[in-house]
Amino acid sequence: MSNQFGMYSEQYSNDYSTEQNEQFTAAFDAITQQFVAGLNEGLPASAEAVQEAVRQHYEFTTQFWKPTREAYKNLALNYLMPSPYRDSYEGIAEGLGKYHYDAIVIWADNNL
């Protein structure tokens with residue numbers, strides 16, 4: 001799977017090597033696929049497997065930024081509100097943006 005979000009990462013400068021960026025892309029894609037699997041299986045956003053995917057997503061995020069509970073939930077709004085991120089998620093699977101948002105809100109409220 002190609003990185004659906006790579007086109008937006010060009011907006012941001014980074015000091016990571018090509019290899020590091022490829023590793024970030026692969027890790028992010030693997031996490032995204034866990035959300036897709038949960039959505040396709042009909043699991044609720046609160047399901048253990050989905051919440052584990054959120055934990056991994058949060059840990060991935062902390063490589064670049066350590067958000068507070070509210071900041072992490074605000075990040076998730078990008079997956080729900082009209083944005084390139086929501087459009088990318090919806091391009092992967094219909095309803096994925098809201099599903100990911102709901103899961104993040106649950107996880108953040110319980111863990112941050």
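Residue indices begin at 1 and follow the sequence shown.
- Taking both residues in full, the closest heavy atoms of F60 and F24 are given as CE1-O, 3.4 Å, listed atom of the first, atom of the second, then distance.
- Here F35 and Y89 keep their ring centres 6.0 angstrom or further from each other.
- In this structure, the separation between OH on Y72 and OH on Y58 is 8.0 Å, given to the nearest 0.5 Å.
- Residues Y85 and E90 fail the side-chain proximity criterion, which asks for heavy atoms closer than 4.5 Å.
- Under a hydrophobic-cluster definition in which Ile, Leu, Val, Met, Phe, Trp and Tyr are linked whenever side-chain heavy atoms come within less than 4.5 Å, directly or via other members, L75 and M81 are assigned to different clusters.
- Residues that satisfy the salt bridge (Lys or Arg N to Asp or Glu O under 4.0 Å) test with E48, not counting sequence neighbours, are absent from this structure.
- Both L77 and V105 belong to a single network of hydrophobic side chains, linked directly or stepwise wherever heavy atoms of I, L, V, M, F, W or Y lie under 4.5 Å apart.
- For G95 against L39, the heavy-atom pair with the smallest separation is C-CD2, 4.1 Å.
- Between E59 and the choices Q56, Q63, H57, R55, the side chain to side chain donor-acceptor pair (under 3.5 Å) rule is met once, by R55.
- The two atoms that bring V50 and P44 nearest to each other are CG2-O, 3.7 Å, heavy atoms only.
- Legend: residues meeting salt bridge (Lys or Arg N to Asp or Glu O under 4.0 Å) with R69, ordered by chain and number and at least two apart, are absent.
- A salt bridge (Lys or Arg N to Asp or Glu O under 4.0 Å) check over residues 98-108, counting only residues at least two apart or in different chains, returns the pairs K98-D102.
- How far NE2 of H100 is from CD of Q34: 10.0 Å, rounded to the nearest 0.5 Å.
- Rounding to the nearest 0.5 Å places OH of Y99 at 15.5 Å from OH of Y79.
- Note on I104 and V36: same hydrophobic cluster, where clusters join Ile, Leu, Val, Met, Phe, Trp and Tyr whose side-chain heavy atoms are under 4.5 Å apart, directly or indirectly.
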Might you work through the side-chain contact (heavy atoms from CB on, under 4.5 Å) test for K73 and D109, ending with a clear yes or no? CA-CA 9 Å; K73 290 164 59 172; D109 284 343; 2.8 Å; yes

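- Atom CD of E94 sits in a sparse spot, with 12 or fewer heavy atoms from other residues, nucleotides or ligands closer than 6.0 Å.
- Nearest heavy-atom pair across A49 and L43 is CB-CD1, 4.3 Å.
- Separation of atoms OG1 (T61) and CD1 (I31) is listed at 7.5 Å; rounding is to 0.5 Å.
- Looking at heavy atoms from C-beta onward, T68 lies out of side-chain contact with L112 at the 4.5 angstrom threshold.
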